[in-house]
Amino acid sequence: MNRETIITLVKDWRVALVLLLVVGSLIGIYLAPPSPEKGLEGNLQFGLDLQGGSWLQMEFQSVIVAYSTDKPVGDLIENLQTSLETDVIQVDEDHLEIRKTVSRAELEPLFAASDASIVTYQKGVSPFTADEVKRILNEKVNALGMQDARINLLTPTGSEYPQYVRIELAGVDMTTAQEIVGRQGLFEIRVQTTGNQTEHVLYGDQITSVGTPQRDFDGRWGVSFSLSETGAQAFREAALASGAVDNPNAHNLMMILDNETVYSAPLAGTLVTELRSGPVRSLSASTGTGDAGLEDAMTLEIHLRAGALPVKVDIVGSGSVPAALGEQFKMTVVIAGLLALLTVAVVVYYRYREFSIVIPMVAINLAEIIILLGIARFIQQLDLAAIAGLIAVVGTGIDQLVIITDEVLHEGRVPSPNLYMKRYGRAFGIIAVAAATVFVAMLPLALMDLSTLRGFAIITILGVLIGVLVTRPAYGKIIMAILSK
């Protein structure tokens, strides 16, 4: 191709979009933020099998019980909490989550004492609690600046509820991994005195229990929590001394976790009245209405727990991958990728005996890989399954480019524009149907929380979408310009 043809191609929006995405991906990998110390890896996130690190598998110390009773369930929950000294959460109309490992034999007399009976008994936690555990662990990992983490909930075969959580931390030793799981932040409640000045009220160790997000009669979401007797007395004294009882709007109550303010609001009118009479142990923090209020309430619940998990966990399995072995895996993956591209180039050349066709095919394939890596840098770790997805994308991508080339090729030349578009449309239709089939097949794996398959499915789906929407149209324009010469 001459210079004029190249300029014309670059000005075409399909080719320009590919170039723009390639440049953006390279910027995301290497310049946002700059990471010269990582070399070719840039900002890519690698999984445990490529980076080295540690993994922990933990079992929830909790059971889910389906019950039957004609009495108010509140009485049953209160009796269970008093007898077992643990939280009991109502999952739905027929199920309770008891956040403690206790056998069915131990529970049956407690249920009988409340005129209730046990219908089914399973180990595990409710989906809500499982998601909350995952949110807390994610927040802990992110707070420590560790992005190369994977957290998966595991449900045994035949069970309805998650029983285990597995956390993989690339580049982290076993001791640090265990500290992350058990780490609690420094939680403090302060009250605004004058201007921006605040005064200490109490620390998180004075909070005895934290409820789940609930909505009041006005539709406002909030989180309830209880204070110890000492904490309640300190809270009342601080509210009276600071003026928060006399003028609540000028003296906000502030909650601080690890020196960061996570909640700030004046005392409610009903709470002011109660504090005038004496200490109040049961409090509630309101976060607002709608989905935003619920999201804030869920986050505030995590903060009130100071990063503690809502249910106890026991480590039932652990392991580590040496960093040196991870480096060896990376080198193996790079070599496999280069060999795949080289093999593709040789096969394509053998078929067409024309470098002017081989180069655009390999270039488009390489551009597709760079774009995929640029997207994966933000949403997906690169583990062996994801790398397998990349290799699969290379293979299927070349297949589709060959289909386009064969379909539009006519006695070594591109036919008339109308006939070219007709043949290209026919080829693109075949590719689109094949892409839709792959998308539908991979979607369940991408949505399921399976650590060994999810990365493969996500990368494959992304590769299919990028191919159909971006790189195949650009290749169609490029190959027409090449073959017409």
Side-chain angles (χ1 to χ4, degrees), residues 55-137 151-167 178 181-182 184 207-214 223-226 282 298 301-302 304-319 448-451:
W55 63 270
L56 299 172
Q57 183 160 314
M58 298 163 287
E59 183 178 18
F60 295 120
Q61 302 303 295
S62 176
V63 297
I64 302 291
V65 177
Y67 66 93
S68 175
T69 182
D70 296 327
K71 299 292 183 68
V73 68
D75 295 340
L76 173 61
I77 292 176
E78 184 176 350
N79 291 338
L80 289 173
Q81 290 184 149
T82 302
S83 302
L84 298 174
E85 297 182 346
T86 190
D87 291 335
V88 178
I89 308 298
Q90 186 167 7
V91 179
D92 53 37
E93 294 180 354
D94 304 315
H95 292 81
L96 296 177
E97 178 184 87
I98 302 173
R99 292 177 170 175
K100 184 177 183 179
T101 299
V102 55
S103 68
R104 180 167 183 163
E106 293 173 305
L107 287 175
E108 284 178 342
L110 298 179
F111 274 76
S114 299
D115 294 328
S117 61
I118 297 176
V119 179
T120 62
Y121 169 95
Q122 293 186 55
K123 291 185 176 181
V125 295
S126 65
F128 175 82
T129 300
D131 289 340
E132 187 178 10
V133 168
K134 196 170 182 179
R135 280 165 53 91
I136 292 173
L137 290 175
I151 300 167
N152 293 297
L153 301 170
L154 306 176
T155 303
T157 303
S159 176
E160 301 177 34
Y161 304 101
Q163 190 174 340
Y164 304 94
V165 59
R166 178 185 172 100
I167 178 171
Q178 293 175 346
V181 174
Q184 287 187 247
I207 298 177
T208 57
S209 66
V210 179
T212 57
Q214 301 289 336
V223 181
S224 61
F225 59 100
S226 300
S282 297
M298 295 172 68
E301 180 191 358
I302 294 174
L304 283 168
R305 297 182 187 278
L309 299 180
V311 58
K312 291 182 179 180
V313 294
D314 278 351
I315 298 176
V316 295
S318 62
M448 294 171 66
D449 209 3
L450 297 174
S451 60

side-chain hydrogen bond (donor to acceptor under 3.5 Å, both in side chains) filter on Thr101, not counting sequence neighbours, yields Gln61
Ile77 and Val88 have their tightest heavy-atom pair at CG2-O, 3.7 Å
Report the distance from atom NZ of Lys100 to atom CG of Leu80, rounding to the nearest 0.5 Å.
11.5 Å
Using side chain to side chain contact (heavy atoms under 4.5 Å, CB included) as the criterion, list what pairs up with Asp92, not counting sequence neighbours.
Asp94, His95
For the CZ atom of Arg166 and the CD1 atom of Ile151, what is their distance to the nearest 0.5 Å?
12.5 Å
Taking only residues two or more places apart in sequence or in another chain, which ones pass side chain to side chain contact (heavy atoms under 4.5 Å, CB included) with Thr155?
Ser159, Pro162
Ser117 OG to Tyr67 OH distance, which is reported to the nearest 0.5 Å:
11.0 Å
Which residues share a side-chain hydrogen bond (donor to acceptor under 3.5 Å, both in side chains) with Ser226, sequence neighbours left out
Ser209
Please list, chain by chain and in numerical order, all residues satisfying side chain to side chain contact (heavy atoms under 4.5 Å, CB included) with Val316, sequence neighbours excluded.
Gln57, Glu59, Tyr164
Nearest-0.5 Å distance that lies between atom OG1 in Thr82 and atom CD in Glu78
5.5 Å
Could you list the donor-acceptor pairs under 3.5 angstrom formed between side-chain atoms of residues 105-116 and any protein atom two or more places apart in sequence or on another chain?
residue	atom	partner	partner atom	Å
Glu106	OE1	Ser103	N	2.9
Glu106	OE1	Ser103	OG	3.1
Glu108	OE2	Arg104	NE	3.4
Ser114	OG	Asn79	ND2	2.8
Asp115	OD2	Lys71	NZ	2.6

Contact check, side chains of Leu137 and Val165, non-hydrogen atoms, under 4.5 Å:
yes
If you look at every heavy atom in Phe128 and Pro213, which pair is closest and at what distance?
CZ-CD, 4.1 Å
Taking all heavy atoms of Glu97 and all of Ser126, pick out the closest pair and write down the distance.
OE2-N, 2.7 Å
Considering only residues two or more places apart or on different chains, which pairs with a residue in residues 79-88 satisfy salt bridge (Lys or Arg N to Asp or Glu O under 4.0 Å)?
none
Does the side-chain contact (heavy atoms from CB on, under 4.5 Å) test come out yes or no for Asp131 and Leu153, once each step is laid out?
CA-CA 9 Å; Asp131 289 340; Leu153 301 170; 4.1 Å; yes
Report the C-alpha distance between Leu96 and Leu76 in whole Å, list the side-chain angles of each, state the deciding distance to 0.1 Å, and finish with yes or no for side-chain contact (heavy atoms from CB on, under 4.5 Å).
CA-CA 10 Å; Leu96 296 177; Leu76 173 61; 3.8 Å; yes
Mind checking side-chain hydrogen bond (donor to acceptor under 3.5 Å, both in side chains) for Thr212 and listing every partner two or more places apart, or none if nothing turns up?
Gln214
Measure the spacing between CD1 of Ile98 and OH of Tyr121 and express it to the nearest 0.5 Å.
8.0 Å
Which residues pass the side-chain hydrogen bond (donor to acceptor under 3.5 Å, both in side chains) test with Ser62, not counting sequence neighbours?
none
For residues Ser282 and Phe225, determine if any side-chain heavy atom of one lies less than 4.5 Å from a side-chain heavy atom of the other.
no
Distance, nearest 0.5 Å, that separates OG1 of Thr129 from NZ of Lys134:
14.5 Å
Would a 4.5 Å heavy-atom cut-off, applied to side chains only, mark Thr86 and Val102 as touching?
no
